[in-house]
There are 2 protein chains.
Amino acid sequence: MNENINNKLNAKSIKPTAMRQLVLHVLAEQKSAVSMQELEQKFEKADKVTLYRTLKTFEEKKLIHSIDDGTGSIKYALCRESCQCRPEELHVHFYCTECKQTYCLNDIPIPSVNLPVHFTLENINMVVKGICANCI
Amino acid sequence: MNENINNKLNAKSIKPTAMRQLVLHVLAEQKSAVSMQELEQKFEKADKVTLYRTLKTFEEKKLIHSIDDGTGSIKYALCRESCQCRPEELHVHFYCTECKQTYCLNDIPIPSVNLPVHFTLENINMVVKGICANCI
DNA sequence: AAGTTGATGCAATTGAGTTGCAAAGTTGTT
DNA sequence: AACAACTTTGCAACTCAATTGCATCAACTT
């Protein structure tokens, strides 16, 4: 397990410090995307700023991606193996207004959009709001 | 012109106060979606909170819609005539990373998404980032 | 004119995100 | 082992948008 964690960090050329192992471990357990605040609460003692910078590093190295689900706090979730976070690889996110959880709909790619002429595409954020299967 | 403004307010059953007429007037002039801060600067003297509440009212009454474009400040834009802000009516938004403007792509409806079973849909936010035609 | 309701303006608070800086830890070199 | 060079961590403090409380003001009702 620890092997696995270190492998993932190494694969993205992130130095495997204790903190980073811990954060990655917790992230890997989540079924939904989590905010910095939620993560913070999952540790006994955790410095907000270290967490913040850890997440930034993870995101830069494309180990995780962030989702702005419109709730005011950004959520983070693990990327899939070998993800490059390119527009074609992105998936839809779902925010449940009942349980307030944000889920990666990994199997639902973001549909392509025909932009007006001379518009270039870099990135897409698509968040669907509604009620998830568990809350109906 | 003033007639027009009052008609729009009345049509959505919003009491046409001076402030609201003014804000609606300025909103109608915009080519892109604007933040509260940007709006504030367009007035000589404007109280942030009044503006805030005016926008809230407008949004509740579906005179405007808000866009969370991921920049950290919410943008507002007029809805089209007779818009109910239902999922089928929503359009894609475009954030230009060059000019930092957020545009309503009114002619591009949000593509439909096949959600997993038992997920219900209430709303969709779709923001495409890239470079707009003016900035290329 | 008094009373009720809604709108406005100021002050102050919240809450997420961010920066600065010094201490602690890591790595590589002699 | 000792040193320098670099990275990571932790605390304090700050920024900035959004929001709330409360008192005042305007408009409409009886």
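Order of the sequence lines sets the chain letters (A, B, ...), proteins ahead of strands, with each chain counted from 1. Just so it is clear, the model here is predicted, and its values are computed rather than measured.
- Rounded to whole angstrom, the span from the CG atom of B/D68 across to the P atom of C/dA16 amounts to 15 Å.
- The side chain of A/T17 sits closest to D/dT8 out of D/dA17, D/dT8, C/dG9.
- For the pair A/E60 CD and C/dT18 C1', the computed distance is 14 Å after rounding to whole Å.
- Considering every non-hydrogen atom in both A/D68 and A/V127, the closest pair reads O-CG2, 3.7 Å.
- The side chain of B/T50 lies closest to C/dG9, out of C/dG9, D/dA18, C/dA16.
- Phosphate proximity of C/dG17 to A/Y52: absent, as no side-chain N or O sits under 4.0 Å from OP1 or OP2.
- Going from atom OG1 of A/T57 over to atom CD1 of A/I14 covers 7.0 Å, rounded to the nearest 0.5 Å.
- Look at NZ on A/K48: it is 12 Å from C1' on C/dT14, rounded to the nearest Å.
- Counting only heavy atoms from C-beta outward, the side chains of B/H93 and B/H91 approach each other to under 4.5 Å.
- The side chain of B/K56 lies closest to D/dT19, out of C/dG17, D/dT8, D/dT19.
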Pairs: protein N or O with nucleotides 27-29 of chain C N or O, under 3.5 Å:
none

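- Nearest to the side chain of A/R20, among D/dT9, D/dA17, D/dA13, sits D/dT9.
- Of all heavy-atom pairs between A/R20 and A/T54, the closest is CG-CG2, 4.0 Å.
- Atom CD in A/E40 sits about 15 Å away from atom P in D/dT9, given to the nearest Å.
- Residue whose closest nucleotide on DNA chain D sits further toward the 5' end, between B/K75 and B/R53: B/K75.
- Closest heavy-atom contact between A/F94 and B/T120: CZ-O, 3.6 Å.
- Rounded to an integer number of Å, the gap from A/L9 CG to D/dT7 C1' is 15 Å.
- With hydrophobic clusters built from ILVMFWY side chains whose heavy atoms lie under 4.5 angstrom apart, B/I74 does not share a cluster with B/M126.
- The CD atom of A/Q37 sits 6 Å away from the C1' atom of C/dA16 (whole-angstrom rounding).
- The distance from atom CG of A/D47 to atom P of C/dA23 is 16 Å, rounded to the nearest whole Å.
- With rounding to whole Å, B/I74 atom CD1 is found 14 Å from C/dA16 atom P.
- Comparing B/V49 and B/G72 along DNA chain D, the residue whose closest nucleotide (by nearest heavy atom) sits nearer the 5' end is B/G72.
- Here the closest heavy-atom approach between residue B/S66 and residue B/E59 is recorded as OG-OE2, 2.6 Å.
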